[in-house]
Structure formats: C-alpha cells, structure tokens
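Data block below; observations after.
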Amino acid sequence: MVILAIETSCDETSVAILKTQGKSAKLLSHLVASQIKLHARTGGVVPEVAARAHIEKIIPLVSRALKGAKIEIGNLDAIAVTAGPGLQSSLMIGVDTAKALGLALNIPLVAVNHIEAHIFSPFIKPRIFSLPPARSIFPAVSLVVSGGHTELFLVRDWLKYKKLGATLDDAAGECFDKTAKLLGLPYPGGPELSKLAVRGRPVIDFPRPLMNSKDFNFSFSGLKTAVLYYLRDHDIPSPLAGEGKGEGVVVRKKKISKADVAASVQQAITDVLVGKTVRAAKQYRAKTILLGGGVAANQALRAKLKACLGGRRAESQKLKIKFLTARPEFCTDNAGMIAFIGGLRARKKHFTPLDKVRANANWEL
Ligand code: KG4
Ligand code: ZN
C-alpha cells in the first residue's frame with residue numbers, strides 16, 4: 001500500500017508518503033514546514049495565524065512529497081490524517097484536505113490520534129524499516145511528552161494500550177516553554193532552555209511535584225510557579241555564571257546564573273518523568289520503555305532514562321528493560337508517525353468512513 005499522511009495539529013505542516021509491504025515499510029518522502037519563525041514574533045502560537053500558514057503550505061507540500069517519492073497521485077491507496085487532539089482550526093485544514101483528496105481519488109481515510117502516533121513513533125526509521133516481533137517489545141510502558149500532553153501508557157501490542165496516568169495541569173513541554181519565557185529565552189522555549197542548561201549547574205532544589213505519589217499522574221504548574229517566585233525573589237544577573245551586575249546568590253563561590261536556573265528546572269522535570277516511568281515499567285514488568293513527543297528530543301531526558309536502563313549501572317542489570325526513543329525528526333510533530341499508524345490501521349482495514357472523519361481538538365485516548 002502507498003499511504004499519504006498529513007499532520008497539521010499545531011504549528012508544523014507535515015506530509016509523508018509511506019509504502020508498506022507486509023511487515024516492512026519504506027518512508028518515500030517526509031516533509032515538515034515549520035512555523036517557528038512566524039510564531040517567534042508573538043512568543044507563542046496564535047491559532048488563526050497557524051491555520052492560515054497551514055492553508056498556504058499544505059497543497060504545495062503534498063505535491064512536493066509526491067514528486068520526491070516519485071509517486072503519481074492516482075497510485076495512492078489510502079490517506080492518514082491527524083484528526084485530534086490539537087488546535088481545532090489547525091486540525092481542520094489537514095482533515096479537510098484529506099477528505100477532499102479522499103473523495104476525489106476515491107480512496108479510504110484513516111483518522112489518526114496524534115498521541116497514539118507519538119506512542120509508536122520510536123519504531124519509525126528514515127528509510128526502510130520493519131516491525132519487530134511483538135513479543136520482543138511488549139508489554140511496554142510509553143511516555144509521551146509534548147507541548148500539550150504528558151501521558152504514561154501500558155502498551156500490550158501494536159495499537160493496544162491503556163492510559164496509566166497523565167498530567168493534572170500543565171504538560172512537561174509547557175513547563176519547559178513557560179519557564180524559558182520567564183528566563184527571557186526566545187520561542188520555542190523548550191530547546192532553548194535545554195541549550196542553556198548545558199552551561200549551568202543544577203544547584204537549585206526546585207519541587208518535584210507528585211514524584212512520590214502512588215499513581216502515575218503528573219503535575220507541573222507548581223514547578224513553574226516555584227521558578228516564577230525564585231526569579232522574583234533573587235537577583236539573577238545574566239545567562240552565564242559570574243557575569244552581570246548585582247550581588248546575586250552565591251553557591252560554591254559562583255553566582256547563580258540563568259543557566260543554573262535552567263539546569264535546575266530541567267533536572268526537576270526529568271527527575272519526575274524518569275522516576276514515574278521507571279516505576280511503571282517495574283510495576284508492569286515491561287520489556288521496553290518507549291519515549292515519544294517533542295520533549296523526547298531533550299538530551300538530558302534521553303540520557304537519564306538510558307542511564308537507568310541501558311547503561312553499565314547495577315540498576316540496569318537488575319531491570320533489563322530495553323529503551324526505545326523516537327529519532328529527533330520523529331519527536332516533534334511530523335507526518336512520518338501519522339503514516340506509520342496509517343499503515344498499521346490500513347493493514348487491519350481500520351478505515352474511517354468519509355462522513356465520520358472530523359477534526360476533534362479534544363480527542364482523548
Ligand atoms: O510534540 P510536539 O512537537 O508538539 C505537541 O504535540 O505539543 O512538542 C512540542 C514541545 C514544545 O513544548 C517544545 O518546547 C518541546 O516539545 N521541546 C523540547 C525540546 N524540543 C522540543 N523540550 C525540551 N527540550 C527539547 N530539546
Ligand atoms: Zn505532538
């Protein structure tokens with residue numbers, strides 16, 4: 001089957017073409033038109049601005065993807081499209097484009113849940129790849145960490161999972177973005193904060209909300225508020241330690257810098273994420289931990305999980321859990337992961353009737 005996939009749930013317009021044959025697949029093209037520059041001006045995504053940009057980009061991107069894949073439009077077998085969750089006005093552009101193409105070409109549609117796509121994103125590779133045997137991977141525990149979601153799942157098989165917990169307030173990505181803003185960093189804050197954190201020391205003991213609660217829920221709004229108060233109450237001179245004016249706070253003979261704040265925030269967020277994920281994996285005797293979503297691009301988070309599971313530490317030998325994380329290009333929003341779910345569902349003939357395909361901003365798994 002040749003599947004065209006469309007992703008427009010937030011601020012990236014993305015199109016992919018995937019060819020599947022039995023258990024193997026080949027990503028023939030994968031394009032992402034980022035709106036970062038557009039939203040940098042306002043320091044965040046303005047839904048109407050995002051939707052307009054999707055409208056401008058989507059058809060040229062579909063044409064380029066077909067050309068790049070050397071596929072005639074008439075040779076497409078199905079279309080996979082993100083139907084939710086996300087920004088309603090952004091989702092509608094992708095969904096309506098997919099419906100129009102599906103109708104014109106008389107081919108079936110797969111309405112894809114964006115979070116489900118993040119769950120299985122660690123399995124996608126840039127070119128040819130095949131599905132590993134289910135018994136070598138599952139049961140798995142999946143951590144999806146993005147700008148809008150922080151959710152833990154127990155995954156029993158391909159497309160079979162149940163939610164173990166989720167954030168009660170802000171998502172982890174939102175916490176990265178909002179504290180980055182407090183530190184005066186440009187949009188998008190997550191990657192900027194993690195870049196700054198490399199130069200800092202995690203010396204501030206910010207709260208680790210719900211770290212030791214028995215459930216698998218998360219909460220990040222208190223951490224964001226703690227950073228707000230810390231910055232209000234302390235004189236933090238400049239991004240680099242020791243620079244700038246003012247008395248500042250001194251720890252181990254060095255003034256606390258914004259880089260130290262960034263490193264401390266990152267440490268608090270990743271401690272909670274890793275702590276809960278590893279506990280879930282132990283409790284459910286998972287063979288694998290899967291990590292996906294925009295925040296999965298964070299090197300500190302990847303390294304911390306790896307150190308617990310795959311490194312040479314005694315702990316890892318006890319746990320014997322595989323760690324699979326999405327490649328950077330499949331962490332942030334992309335149509336590659338939508339195509340992958342499209343392929344899995346098309347194989348099972350899980351198509352969505354054209355009149356039932358609707359953008360649903362609040363589509364809960
Ligand atoms: O999955 P995604 O592209 O969009 C949503 O579905 O929300 O995730 C975007 C989020 C943003 O909050 C962004 O700041 C965060 O992922 N992010 C990062 C990094 N790269 C992206 N957060 C921390 N460190 C990074 N390196
Ligand atoms: Zn996402």
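For clarity, every value in this text was computed on a predicted model and none was experimentally measured.
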Roughly how far apart are [X] [atom1] and [Y] [atom2], rounded to 0.5 Å?
X      : Y      : atom1 : atom2 : result
Leu18  : Ile338 : CG    : CD1   : 12.0 Å
Lys181 : Leu228 : NZ    : CG    : 13.0 Å
Ile17  : Ser29  : CD1   : OG    : 4.0 Å
Ile58  : Ser14  : CD1   : OG    : 8.5 Å
Lys287 : Lys322 : NZ    : NZ    : 7.5 Å
Ile55  : Thr13  : CD1   : OG1   : 10.5 Å

Contacts of Arg52 meeting salt bridge (Lys or Arg N to Asp or Glu O under 4.0 Å) (sequence neighbours excluded), chain-then-number -> Glu48
For Lys178, the salt bridge (Lys or Arg N to Asp or Glu O under 4.0 Å) test, sequence neighbours excluded, returns Asp170, Glu174
Sorted by chain and residue number, the side-chain contact (heavy atoms from CB on, under 4.5 Å) partners of Ser89 (sequence neighbours excluded) come out as Pro47, Ala51
Residues at least two apart in sequence or cross-chain that pass side-chain contact (heavy atoms from CB on, under 4.5 Å) with Asp11, listed by chain then number, are Gln35, His39, Val45, Tyr187
Pairing residues for [X] by the side chain to side chain donor-acceptor pair (under 3.5 Å) criterion, not counting sequence neighbours:
X      : value
Lys23  : none
Lys99  : none
Ser221 : Asp169

Decide yes or no for [X] and [Y]: does some side-chain heavy atom of the first lie under 4.5 Å from some side-chain heavy atom of the second?
X      : Y      : value
Leu131 : Phe340 : yes
Pro122 : Leu291 : no
Arg345 : Pro108 : no
Ser257 : Arg199 : no
Gln283 : Phe216 : yes
Ile107 : Leu101 : no
Lys276 : Leu210 : yes
Leu196 : Lys258 : yes

Can you see which heavy atom on [X] is nearest to which on [Y], and at what distance?
X      : Y      : answer
Asp333 : Cys10  : OD2-CB, 4.1 Å
Ser264 : Val203 : OG-N, 3.3 Å
Gly336 : Leu27  : CA-CD1, 4.4 Å
Glu192 : Pro186 : CG-O, 3.6 Å
Asn334 : Met337 : OD1-N, 2.8 Å
Thr288 : Ile137 : OG1-O, 2.6 Å

Over 60° means perpendicular and under 30° means parallel, so classify the ring planes of Phe218 and Phe220, tilted if in between.
-> parallel
Without placing hydrogens or testing angles, list every side-chain donor-acceptor pair under 3.5 Å for residues 357-365, not counting sequence neighbours.
unit_1, atom_1, unit_2, atom_2, d
Asn360, OD1, Asn362, N, 3.1
Asn360, OD1, Trp363, N, 3.4
Glu364, OE1, Lys163, NZ, 3.0

Look only at the side chain of [X] and the backbone of [Y], and say whether a donor-acceptor pair between them is shorter than 3.5 Å.
X      : Y      : answer
Asn217 : Ala166 : yes
Arg327 : Ser121 : no
Thr150 : Val145 : no
Arg156 : Lys162 : no
Ser194 : Asn298 : no
Thr82  : Glu7   : no
Asn113 : Glu116 : yes

Review item, side-chain donor-acceptor pairs of residues 60-80, under 3.5 Å, at least two apart:
unit_1, atom_1, unit_2, atom_2, d
Ser63, OG, Ile59, O, 3.2
Asp77, OD2, Val2, N, 2.7

Count the heavy atoms belonging to other residues, nucleotides or ligands that lie under 6.0 Å from [atom1] of [X], then report whether that count exceeds 12.
X      : atom1 : result
Lys57  : NZ    : no
Asp355 : CG    : yes
Asn106 : CG    : no
Arg232 : CZ    : yes

* To do: Test side-chain contact (heavy atoms from CB on, under 4.5 Å) on Arg127 and Lys26 and set out the steps.
  => CA-CA 5 Å; Arg127 294 282 298 159; Lys26 191 172 180 186; 3.5 Å; yes
In chain order, what residues pass the ring pair (Phe, Tyr, Trp, His ring centres under 6.0 Å) check against [X], with sequence neighbours excluded?
X      : value
Phe123 : Trp158
Tyr230 : Phe206, His234
Phe330 : His30

Can you get from [X] to [Y] by hopping between Ile, Leu, Val, Met, Phe, Trp and Tyr side chains that sit under 4.5 Å apart?
X      : Y      : answer
Leu105 : Leu354 : yes
Leu273 : Phe176 : yes
Leu182 : Tyr229 : yes
Leu301 : Met211 : yes
Leu344 : Ile119 : yes

Where do Lys255 and Asp260 land on the salt bridge (charged side-chain N to carboxylate O under 4.0 Å, His left out) test, with the steps shown first? CA-CA 9 Å; Lys255 257 188 233 163; Asp260 296 332; over 6 Å; no
